[in-house]
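For ligands, and for the atoms within them, numbers begin at 1 and follow the listed sequence. Starting from 1, each residue takes its place in the sequence as its number.
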Amino acid sequence: MMDAGTDLVPHWRSGARWAGGAERTGDVHDPATGQIARQVAFASGADVDAVVADAVLAGRAWAEQSLSRRTAVLFAFREALSRRRHDVAAAITAEHGKVLDDALGEVQRGLEVVEFACGAPHLLKGGYSEGVSTGVDVYSIRQALGVVAVIAPFNFPAMVPLWFAPVAIACGNAVVLKPSEKDPSASMLLAELWAEAGLPAGVFSVVHGDKVAVDALLTHGDVAAVSFVGSTPIARYVYETGTAHGKRVQALGGAKNHMVVLPDADLEAAADAAVSAGFGSAGERCMAVSALVCVDPVADELVPLIASRVARLRTGDGRRGADMGPLVTGAHRDKVASYVDAGVSAGAALVIDGRDVAPDADGAGFWLGPTLFDRVRPGMSIYDDEIFGPVLSVLRVPSYDAALALVNANRYGNGTAIFTADGGAARRFQHEVQVGMIGVNVPIPVPMAYYSFGGWKASLFGDTHAHGVEGVHFYTRGKVVTSRWPHPATRTGVDLGFPTHD
Ligand code: NAD
């Protein structure tokens, strides 16, 4: 049932809200109450065509604007977003469910990418070599691609679009964002803020929807590149389909992040980190720790430390000061709960059962409390699969080598962490582990905006990570110019030999 006053989240085309021509819509829930809060428009292929056609024209004009003009818009967007950060966070909490502080943190990490993008002119500078041959100079330039698509997941409705859009726009591209249909409203606020910042209409557009909209973007002749973030099966599909249609694609996929704890670690700090990284955002983070790998005899002491902390966590409506909110949808809540059932059936030791949670909330939201398993082993689905919920599994291993082998045997390679007081062990781990982002006594090692974010193996398809220098490269094409200006001294006459430099 929809509440009274239910509204429709429309697309954003040519700098304004746009209903589109399609009839289809999707339900958007308030996960803390379980109510349908609003509907979101689902774009048809024709809707996507219309938005991309506007973006092509707007992108051409935008790419011709001076770097100073483009940067001025980035600075204005930074100010607008900073001013409205609480509104964006509130929209995230209302549709995703994460607690307000966490939503604000997500906006902050997005703002840092905007700040990085304000400096893109520096990164767009080419090289210049004078006199590579007599009277010949060589220089390099980077140019925008045109229209780029960003396809985002539900779990960071503001931060993931902000990983990409500011960098792409600073580089002179037009962006078409396809947010998750589960929490579409934050992207509409971002669109309004871009307009307020003076970004010309059509340079940033939003099309909502499902596979229909995604497929239309992936196969569109005027979309030059696709940045995707989501689950591994869809990331693989997006990568294969997009590249088959001639596009540059970076597709960030799922994760199973391990935190390794060595016996010499500060176990109080490790317990704090495991709880924060395991249950923050109800485990719906691609950098959440879901596998805690304890080198013997760490688990005997660490599991009770974690359990006592988990018992104190307050689960409830994210607007009421809870530590942990609900899961995003009822279907996802049931899926995660079914993993808890499967863990019990497989013989893992259930230390804390989140299925019994009594949340601080009104109505029938999508609740599952923090859940802790001990004695989990590979082969159990709670370890083998990405659960994407508040379920932390402890695995006991006899040695550092066994811990490393476990992490490296996993098909994902997004993030990992090691907790130890031994700098040599940490250094060995960072060198040997097959994972893209590594924390040393830091549980969620999300790189700063001026580094690049991305995993290895089934956590990323494509060559380029998000933001930082790699983001600038992803959104631009290089040219190298070799030039000689007429001068009698540099005239070479006819020479059919291959050009060499002397
Ligand atoms: P998802 O794969 O279900 O959806 C991601 C996007 O793809 C959404 O916009 C969705 O509308 C679209 N989509 C869904 N099904 C599709 C289909 N069949 N064809 C085409 N498009 C489709 O992911 P999600 O549930 O929204 O997000 C959670 C997942 O994202 C987790 O696996 C998480 O690990 C991953 N994630 C990864 C990172 C990272 O940096 N590697 C960051 C955030 C989230």
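- Ring geometry for H29 against F366 counts as perpendicular: the plane angle is over 60°, on a 0 to 90° scale with 30° as the lower cut.
- For the pair F204 and L177, the minimum side-chain heavy-atom distance is below 4.5 Å.
- Inclusion of I151 in the set of residues having an N or O under 3.5 Å from an N or O of ligand 1 is not warranted.
- Below 4.0 Å from some heavy atom of N155 lie the following atoms of ligand 1, by number and element: 43 (C), 44 (C).
- Interface of W163 with ligand 1, defined as ligand atoms under 4.0 Å from a residue heavy atom, comprises 40 (O).
- With ligand atoms numbered from 1 in the order given, ligand 1 contributes 1 (P), 2 (O), 23 (O), 29 (C), 30 (O), 32 (O) to contacts under 4.0 Å with heavy atoms of S231.
- Atom 32 (O) of ligand 1 has its closest protein heavy atom at E386 OE1, 2.7 Å.
- Sorted by first and then second residue, the salt bridge (Lys or Arg N to Asp or Glu O under 4.0 Å) pairs with a member in residues 210-224 read R24-D210, K211-D215; sequence neighbours excluded.
- Distances below 4.0 Å separate heavy atoms of G254 from the following atoms of ligand 1: 32 (O), 34 (O).
- Between T232 and ligand 1, a contact under 3.5 Å exists for no N or O pair.
- Under 4.0 angstrom from ligand 1, there are no non-hydrogen atoms of L460.
- When side chains are defined from C-beta on, T371 does not count as touching R355, because their heavy atoms never get closer than 4.5 Å.
- Between W163 and F156, the ring planes lie tilted relative to each other; the angle falls in the 30° to 60° range.
- Contact annotation: for E284 versus ligand 1, there are no heavy atoms closer than 4.0 Å.
- Of all protein heavy atoms, the one lying nearest to atom 21 (N) of ligand 1 is V214 CG2, 3.4 Å.
- With salt bridges taken as basic N to acidic carboxylate O contacts below 4.0 Å, one links E112 and R109.
- For atom 27 (O) of ligand 1, the closest non-hydrogen atom on the protein side is P153 CB, 3.3 Å.
- Look at E115 and R78 and you find a salt bridge, because one of the NZ, NE, NH1 or NH2 atoms lies within 4.0 Å of a carboxylate O, short of that distance.
- Taking 4.0 Å as the cut-off between side-chain N and carboxylate O, R396 and D374 count as a salt-bridged pair.
- Nearest protein heavy-atom contact of atom 18 (N) of ligand 1 is I234 CD1, 3.5 Å.
- Atom 7 (O) of ligand 1 has its closest protein heavy atom at F228 CE1, 3.3 Å.
- Regarding atom 19 (N) of ligand 1, its nearest protein heavy-atom neighbour is K211 CG, 3.4 Å.
- Considering only non-hydrogen protein atoms, atom 26 (O) of ligand 1 sits nearest to F154 N, 3.0 Å.
- Using a 4.0 Å cut-off between heavy atoms, N414 contacts ligand 1 through its side chain alone, with no backbone atom that close.
- The residues D384 and K256 are annotated as not salt-bridged, no charged nitrogen and carboxylate oxygen being separated by less than 4.0 angstrom.
- Remark: ligand 1 atoms within the under-4.0 Å shell around heavy atoms of E181 are 10 (C), 11 (O).
- The option from G230, P157, P179 that lies nearest to atom 35 (C) of ligand 1, judged by heavy atoms, is G230.
- A salt bridge links D30 to R319: one of the charged nitrogens lies within less than 4.0 Å of a carboxylate oxygen.
- The closest side-chain heavy-atom distance from V440 to P445 is not below 4.5 Å.
- Short contacts between ligand 1 and V229, defined as distances under 4.0 Å to a heavy atom of the residue, involve ligand atoms 5 (C), 36 (N), 37 (C), 38 (C), 39 (C), 42 (C), 43 (C), 44 (C).
- Per-atom contact check: atom 1 (P) of ligand 1 touches the protein, criterion being a heavy-atom distance below 4.0 Å.
- Ligand 1 does not have F42 within reach: every non-hydrogen atom of the residue lies 4.0 Å or more from it.
- Listed by first and then second residue, the ring-ring contact (aromatic ring centres under 6.0 Å, His included) pairs involving residues 215-251 amount to none (not counting sequence neighbours).
- Within the 4.0 Å heavy-atom criterion, neither part of R285 lies near ligand 1.
- In D215, neither the side chain nor the backbone holds a heavy atom less than 4.0 Å from any atom of ligand 1.
- Using the six-membered ring where Trp is involved, W194 and F77 have ring planes that are parallel, under 30° apart on the 30 and 60° scheme.
- Looking from atom 37 (C) of ligand 1 to the surrounding protein, the closest heavy atom is G253 O, 3.0 Å.
- Close approach of ligand 1 to L252 is summarised as follows: ligand atoms under 4.0 Å from at least one heavy atom of the residue are 39 (C), 40 (O), 41 (N).
- Ion pairing of E432 with R427 is absent here, as no side-chain N (NZ or NE/NH1/NH2) approaches a carboxylate O to less than 4.0 Å.
- Checked for salt-bridge contact, R285 and D102 meet the test: a charged N lies under 4.0 Å from a carboxylate O.
- Ligand 1 lies less than 4.0 angstrom from a heavy atom belonging to A152.
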